[in-house]
Amino acid sequence: MNPSTPSATASPWRVRARPFDFLLQPGRAALVVIDMQRDFIEPGGFGASLGNDVSHLAAAIAPVQALLALWRAQGWPVVHTRESHGPDLSDCPPAKRERGQPSLRIGDPGPMGRLLVRGELGCDIVPEVAPWPGECVVDKPGKGAFYATALQAHLQALGVTQLVVAGVTTEVCVQTTLREANDRGYDCLLVEEATASYFPAFKQAAIEMVVAQGGIVGWAAHLEDLLQADPAPAGR
Ligand code: TIU
């Protein structure tokens, strides 16, 4: 059997999580890696132009690598997203471009090319977690990965019902995507070590908001608990 083909008989993997265990369905859980782009993670990009200390985000790289290794080894679906705009910025609302007082705005030239513009170096995903040929890359003009993209159609075509979510930043694009996905009926698991924020307190608060009220938005798990999850025997 093609390993990426979901089997109705495959046992779920029981992952220790908050607010309660997450039963990961092999082949039906996509790994969604949000916006691991140079423009957010490296100096000189969009995140830095907003005045942020980008060094906080590097901590997510190795955990995302570990998740990618697991999903690729299993042949499960992987989705990468990029917050990005076309060169003419026709998909960038003026309200987004003109917000605040950044040192550079979306589309302005910086040391890694024009900020958040597709085709520029800064818009690329950092090499450590770069997409493999054939993996789905969703370019999104908003903070959420479902807004103005084909993500939902792609997931439906694959039979995906669960999302395991990683990437940056926790309280902006990750949280927006989690909320969009939750409203669309996906069970979402956020991997704590595989997400990061410019503001560690915001990261923690966002995680707590997800799992509060009985998992009002979804679940959160530690990376090791996901990596050590095993196929649960029937009935476990
Ligand atoms: N500024 C910030 O924290 N994040 C973003 O603008 N985009 C994403 O989170 N990807």
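In this text the structure is predicted, and so the values were computed from the model without any measurement. Atoms within each ligand, like the ligands themselves, are counted from 1 in listed order.
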Might you list the protein residues in contact with ligand 1, defined as having a heavy atom under 4.0 Å from one of its atoms, sorted by chain and number? Asp35, Phe40, Phe46, Leu50, Glu83, Lys143, Val168, Thr169, Val172, Cys173, Tyr198
Salt bridge between Arg82 and Asp39, side-chain N to carboxylate O under 4.0 Å? no
Using the salt bridge (charged side-chain N to carboxylate O under 4.0 Å, His left out) rule, collect all pairs that involve residues 17-26, keeping only residues at least two apart or in two chains. Arg14-Asp21, Arg18-Glu192, Arg18-Glu208
So, Lys143 and Glu171, do they make that salt bridge, N to O below 4.0 Å? no
Which pairs with one or both residues in residues 99-117 pass side-chain hydrogen bond (donor to acceptor under 3.5 Å, both in side chains), sequence neighbours excluded? Arg97-Asp108
Please walk me through it: do Lys203 and His56 pass side chain to side chain donor-acceptor pair (under 3.5 Å)? CA-CA 11 Å; Lys203 167 180 169 172; His56 290 289; over 6 Å; no
Can you tell me which residue pairs pass the salt bridge (charged side-chain N to carboxylate O under 4.0 Å, His left out) test with a partner in residues 51-80, sequence neighbours excluded? Arg72-Glu135
